[in-house]
**Student:** 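Input: one structure, supplied below.
So that the names make sense, note that chain A is the first sequence line, chain B the second, and so on, each numbered from 1.
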Amino acid sequence: MRIVFMGTPDFAVPSLQALIDSPHEVIGVFTQPDRPKGRGGKVQASPVKQLAQRHGIPVFQPERIRRDGVEDLRALAPDLCVTAAFGQILSQEVLDIPRLGTVNVHASLLPRHRGSAPIAWAILQGDEEVGVTTMLTDKGIDTGAMLLAKSLKRDPLMTCGELTEVLSRVGAELLLETLAAMDAGTLTPVPQDESRMTYDPMLKKEMGEIDWSQCGQDIANQILGLNPWPGCSVPWGEGRLKLLRALPAEGEGEPGEVIASGKQGLVIACGQGAVAVTQLQAPGGKAMAATDYLRGHPIPVGTHLG
RNA sequence: CGCGGGGUAGAGCAGUUUGGUAGCUCGUCGGGCUCAUAACCCGGAGGUCGUGGGUUCAAGUCCCACCCCCGCAA
């Protein structure tokens with residue numbers, strides 16, 4: 001099939017790579033425009049664009065595909081469009097162009113966690129099962145009929161970033177299976193059960209604020225689910241102490257109070273139970289194990305964290 | 001030229017202001033104590049102080065250039 005791929009971040013890269021390695025022909029790639037990023041404000045190409053360019057695939061970066069990408073897409077005359085974390089909403093006009101429709105790779109077990117940050121929300125809500133679903137894109141946000149899905153048990157120590165990496169590879173496999181089944185004509189699109197659907201909003205920076213009156217399990221989920229972005233942190237000296245990795249722990253104390261500091265990491269009392277922060281990052285420093293940090297910067301038991 | 005922090009033993013840091021013996025916590029190795037231990041005691045090994053140049057009797061420390069890492073802002 002002649003396929004146009006639409007995607008932007010790292011999550012989309014294995015899917016695009018899988019298509020490139022497959023017998024299908026990737027005739028064009030749509031991705032978000034280059035944006036200033038990183039130190040020094042240099043513009044950077046998205047991971048998907050970088051991969052496409054290495055393979056000499058034409059790249060299109062409309063600000064809004066529904067507004068100024070339609071003609072380019074039409075000119076490519078694809079059989080199928082494949083999207084994976086593209087970051088733009090497709091209009092009906094765009095959806096009508098590919099002869100066989102548009103397949104989306106979504107990193108959740110639909111109909112749960114519709115929206116742009118499904119993996120983070122699965123962790124935030126403490127889901128035991130996570131996964132990827134392929135679906136036929138329609139005009140709504142992640143509302144189309146489901147094609148195939150793959151689920152796995154969530155590792156309760158994984159950060160959102162790590163789980164994203166795992167699921168991006170699962171997504172690539174599932175995409176190939178989906179296309180194969182599509183070719184074979186063995187696919188049966190299944191409408192989503194609207195009564196079970198959840199739509200989760202975009203992540204916001206403020207979500208990284210920690211409320212120590214919450215229970216330890218929830219705070220651990222928050223720390224893992226929001227790593228690497230937006231990240232959880234507490235005020236610390238001139239800057240903020242980033243809490244990168246944590247797990248629920250035993251212990252009692254005033255919420256926000258350090259109740260152990262050493263080999264177990266940095267254990268902080270919560271509204272219910274406690275959390276052991278096991279990886280953190282101080283202002284100006286690199287990420288490190290909490291025990292390593294504490295060797296050079298002891299935090300006495302009894303300290304209150306904001 | 002967006003703003004800022006940092007690079008010292010395997011890990012995390014202090015020491016740089018005011019140049020003059022390489023220091024702390026931990027790990028590691030050896031020994032001791034203990035029913036036992038992530039505990040405690042004794043002892044040892046381990047460092048081109050990011051790189052290159054300069055100043056000096058003497059540079060981790062002062063000067064110049066460069067490399068690498070990180071935070072904020074976007």
**Student:** Between Q32(A) and Q61(A), do the side chains contain an N or O donor and an N or O acceptor separated by less than 3.5 Å?
**Tutor:**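 On atom types as modelled, these side chains do not qualify, holding no pair under 3.5 Å.
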**Student:** What integer number of Å spans the P atoms of rA73(B) and rU18(B)?
**Tutor:** 35 Å
**Student:** For T83(A), what residues pass the side-chain hydrogen bond (donor to acceptor under 3.5 Å, both in side chains) criterion, not counting sequence neighbours?
**Tutor:**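 For T83(A) the side-chain hydrogen bond (donor to acceptor under 3.5 Å, both in side chains) partners, ignoring immediate neighbours, are N104(A).
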**Student:** Is there a Watson-Crick or G-U wobble partner for rU56(B) with both distances under 3.5 Å, and if so, which one is it?
**Tutor:**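 No nucleotide pairs with rU56(B).
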**Student:** Under a 4.0 Å threshold between the charged nitrogen and the carboxylate oxygen, would R74(A) count as salt-bridged to E93(A)?
**Tutor:**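 So E93(A) pairs with R74(A) through a salt bridge.
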**Student:** Would you mind reading off the distance between Q44(A) atom CD and rA74(B) atom P, rounded to a whole angstrom?
**Tutor:**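 Taking CD of Q44(A) and P of rA74(B), I get 17 Å after rounding.
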**Student:** L266(A) has an atom CG; how far is it from atom P of rG12(B), in whole Å?
**Tutor:**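 That distance rounds to 18 Å.
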**Student:** Between rA39(B), rC70(B), rG12(B), which nucleotide gets closest to the side-chain atoms of H297(A)?
**Tutor:**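 Nearest nucleotide to the side chain: rG12(B).
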**Student:** Go through N221(A) and Q217(A) one step at a time and tell me if the side chain to side chain donor-acceptor pair (under 3.5 Å) criterion holds.
**Tutor:** CA-CA 6 Å; N221(A) 288 342; Q217(A) 177 69 67; 3.2 Å; yes
**Student:** Tell me the interatomic distance from L294(A), atom CG, to rG27(B), atom C1', rounded to whole angstroms.
**Tutor:** 15 Å
**Student:** Is there a side-chain contact between K205(A) and the phosphate of rA73(B), meaning an N or O under 4.0 Å from OP1 or OP2?
**Tutor:** yes
**Student:** Between I219(A), I123(A), L157(A), which is the residue that forms a side-chain contact (heavy atoms from CB on, under 4.5 Å) with L224(A)?
**Tutor:** I123(A)
**Student:** Taking a pair as Watson-Crick or G-U wobble with both distances under 3.5 Å, which nucleotide is matched to rC72(B)?
**Tutor:** rG2(B)
**Student:** What's the gap between rC13(B) and rG7(B) when it is taken at their C1' atoms, as a whole Å value?
**Tutor:** 12 Å
**Student:** Is it true that T178(A) and T134(A) share a donor-acceptor pair across their side chains at a distance under 3.5 Å?
**Tutor:** yes
**Student:** When rounded to the nearest Å, what value does the distance between C1' atoms of rC24(B) and rA9(B) take?
**Tutor:**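 Result for the C1' pair: 12 Å, nearest Å.
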**Student:** Please state how far atom CH2 in W229(A) lies from atom P in rG71(B), giving the value in whole angstrom units.
**Tutor:** 15 Å
**Student:** With nearest nucleotide decided by heavy atoms, which residue, A282(A) or M288(A), maps closer to the 5′ end of RNA chain B?
**Tutor:** M288(A)
**Student:** If you look at every strand shown and take non-hydrogen atoms under 4.0 Å, does P283(A) touch a base, only sugar-phosphate, or nothing?
**Tutor:**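 No contact at all - P283(A) keeps every heavy atom at 4.0 Å or more from the nucleic acid.
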**Student:** Could you measure between the two C1' atoms, the one in rC35(B) and the one in rG23(B), and give it in whole Å?
**Tutor:** 39 Å
**Student:** Would you call K49(A) and D34(A) a salt bridge, using N to O less than 4.0 angstrom?
**Tutor:**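 Yes.
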**Student:** Whom does rG43(B) pair with, Watson-Crick or G-U wobble, provided both distances fall under 3.5 Å?
**Tutor:**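 Its partner is rC29(B).
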**Student:** Round to a whole Å and report the spacing from CD of Q32(A) to C1' of rA74(B).
**Tutor:**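 Going from CD in Q32(A) over to C1' in rA74(B) covers 16 Å.
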**Student:** Take atom CG of L280(A) and atom C1' of rA11(B), then tell me their distance rounded to the nearest Å.
**Tutor:**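 Atom CG in L280(A) sits about 14 Å away from atom C1' in rA11(B).
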**Student:** When you measure from the side-chain N and O atoms of K286(A) to the phosphate of rA11(B), is any distance below 4.0 Å, counting only OP1 and OP2?
**Tutor:** no
**Student:** Just the rounded figure in Å: distance from C1' of rC69(B) to CG of D292(A).
**Tutor:** 16 Å
**Student:** I need the NZ-C1' distance between K242(A) and rG71(B), as an integer number of Å.
**Tutor:** 7 Å
**Student:** Determine the interatomic distance between C1' on rA65(B) and the same-named atom on rG20(B); round to the nearest Å.
**Tutor:** 27 Å
**Student:** Between rA58(B) and rA14(B), how far apart are the two P atoms, rounded to whole Å?
**Tutor:**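 Straight-line distance between the two P atoms is 29 Å.
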**Student:** Taking the C1' atom of each, how far is rG10(B) from rC29(B), in whole Å?
**Tutor:**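 One C1' to the other, the span is 13 Å.
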**Student:** Pairing check on rU16(B): which nucleotide meets the Watson-Crick or G-U wobble criteria with it, both distances under 3.5 Å?
**Tutor:** none
**Student:** Could you tell me which nucleotide pairs with rA65(B) by Watson-Crick or G-U wobble geometry, both distances under 3.5 Å, or answer none if nothing does?
**Tutor:**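 Partner of rA65(B): rU51(B).
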**Student:** In whole Å, measure the gap between the P atoms of rG44(B) and rC57(B) for me.
**Tutor:**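 One P to the other, the span is 38 Å.
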**Student:** Ignoring the backbone of R295(A), work out which of rC70(B), rG12(B), rA39(B) is nearest its side chain.
**Tutor:**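 Shortest atom-to-atom distance from the side chain points to rG12(B).
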